[in-house]
Amino acid sequence: MTAKDFRKLALSFTEAAESSHVGHPDFRVGGKIFATLGYPGEGFGVLMLTAEAQQEAMGRHPETFEAASGAWGRRGSTKVRLSEACPAQLRPWMELAWHKVADKRPRRSERIA
């Protein structure tokens, strides 16, 4: 998988938009980040998973996923080694990251106009 593939996949989710955070491209829904690209370096992406989903991803695909360092990693921030990933493998995990953010947004009827 390339950075271009990662970007295309991230932007395929409903209302996903590309932005930037500390010099790295990120992907947001409702203004909240669900994935980043280029961190900790070229050839990596990061998914904002739950700690439980992170453990499952690393258990199933240890060559592809690893916890980010420090507190971010303990809270589910998960590095993706792009050279080891393919879109079909990454999609369900990115979808979980997207849902983690998207499902917290207030429904249209709950938003204040």
Side-chain angles (χ1 to χ4, degrees):
M1 169 173 269
T2 66
K4 183 178 177 180
D5 297 330
F6 187 95
R7 176 177 277 111
K8 182 178 177 181
L9 181 59
L11 292 172
S12 73
F13 292 96
T14 304
E15 297 183 30
E18 185 171 346
S19 190
S20 181
H21 179 71
V22 293
H24 302 284
D26 65 40
F27 305 93
R28 300 171 185 238
V29 61
K32 302 292 184 181
I33 298 171
F34 68 92
T36 63
L37 188 56
Y39 181 83
E42 255 185 71
F44 285 91
V46 175
L47 300 178
M48 307 311 181
L49 298 172
T50 64
E52 295 79 18
Q54 176 193 69
Q55 290 301 311
E56 186 177 346
M58 292 187 316
R60 288 185 184 192
H61 310 285
E63 68 288 349
T64 304
F65 299 105
E66 68 180 271
S69 60
W72 282 100
R74 290 190 295 278
R75 288 191 303 247
S77 186
T78 307
K79 295 190 296 187
V80 179
R81 185 172 285 105
L82 298 180
S83 64
E84 297 295 327
C86 70
Q89 175 196 54
L90 185 58
R91 183 170 192 59
W93 303 106
M94 190 177 286
E95 186 172 1
L96 285 174
W98 178 87
H99 271 292
K100 180 181 170 198
V101 173
D103 291 351
K104 288 183 181 179
R105 294 177 303 151
R107 292 185 181 101
R108 219 177 266 277
S109 62
E110 296 171 352
R111 294 181 190 159
I112 297 173

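These numbers come from the heavy atoms of this one structure, side chains and all, not from hydrogens, waters or symmetry mates.
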Working to the nearest 0.5 angstrom, can you tell me the gap between [X] [atom1] and [Y] [atom2]?
| X | Y | atom1 | atom2 | answer |
| --- | --- | --- | --- | --- |
| K8 | L11 | NZ | CG | 11.0 Å |
| L37 | L82 | CG | CG | 6.5 Å |
| F34 | F27 | CZ | CZ | 7.5 Å |
| Q54 | L49 | CD | CG | 7.0 Å |
| Q55 | T50 | CD | OG1 | 9.5 Å |
| R74 | S69 | CZ | OG | 9.0 Å |

Kindly list each side-chain donor-acceptor pair under 3.5 angstrom involving residues 83-90, sequence neighbours excluded, with atom names and distances?
| residue | atom | partner | partner atom | Å |
| --- | --- | --- | --- | --- |
| Q89 | NE2 | H61 | ND1 | 2.8 |

Would you find a donor on one side and an acceptor on the other, under 3.5 Å apart, between the side chain of [X] and the backbone of [Y]?
| X | Y | value |
| --- | --- | --- |
| R28 | A16 | no |
| T78 | G76 | yes |
| K79 | E66 | no |
| H21 | D26 | no |

| said: Under 4.0 Å between a side-chain nitrogen and a carboxylate oxygen: does that hold for R7 and E18? | reply: yes
| field | Transitive ILVMFWY cluster of M48, excluding itself - 4.5 Å side-chain cut-off | value | I33, Y39, V46
| query | Under a 4.5 Å side-chain heavy-atom rule over Ile, Leu, Val, Met, Phe, Trp and Tyr, are M1 and V80 clustered together? | reply | yes
| query | Under 6.0 Å from the CD atom of E42, do we count more than 12 heavy atoms belonging to anything else shown? | reply | no
| task | Start with the C-alpha gap between F6 and L47, add the side-chain angles, then the distance that decides, and say whether side chain to side chain contact (heavy atoms under 4.5 Å, CB included) holds. | result | CA-CA 11 Å; F6 187 95; L47 300 178; 4.2 Å; yes
| task | Measure from NZ or CZ of R75 to the centre of the six-membered ring of W72 and say whether it is under 6.0 Å with the direction within 45° of the ring axis. | result | yes
| task | Measure across F65 and M58 and return the closest heavy-atom pair with its distance rounded to 0.1 Å. | result | O-CG, 3.6 Å
| Side-chain touch W93/T64, heavy atoms, less than 4.5 angstrom | no
| said: Within the 4.5 Å heavy-atom criterion, are V29 and W98 side-chain neighbours or not? | reply: yes
| request: Sequence neighbours left out, what pairs pass salt bridge (charged side-chain N to carboxylate O under 4.0 Å, His left out) with at least one residue falling in residues 47-56? | output: E56-R60
| said: Taking side-chain contact (heavy atoms from CB on, under 4.5 Å) as the criterion, tell me which of M94, K4, E95 meets it with L9. | reply: M94
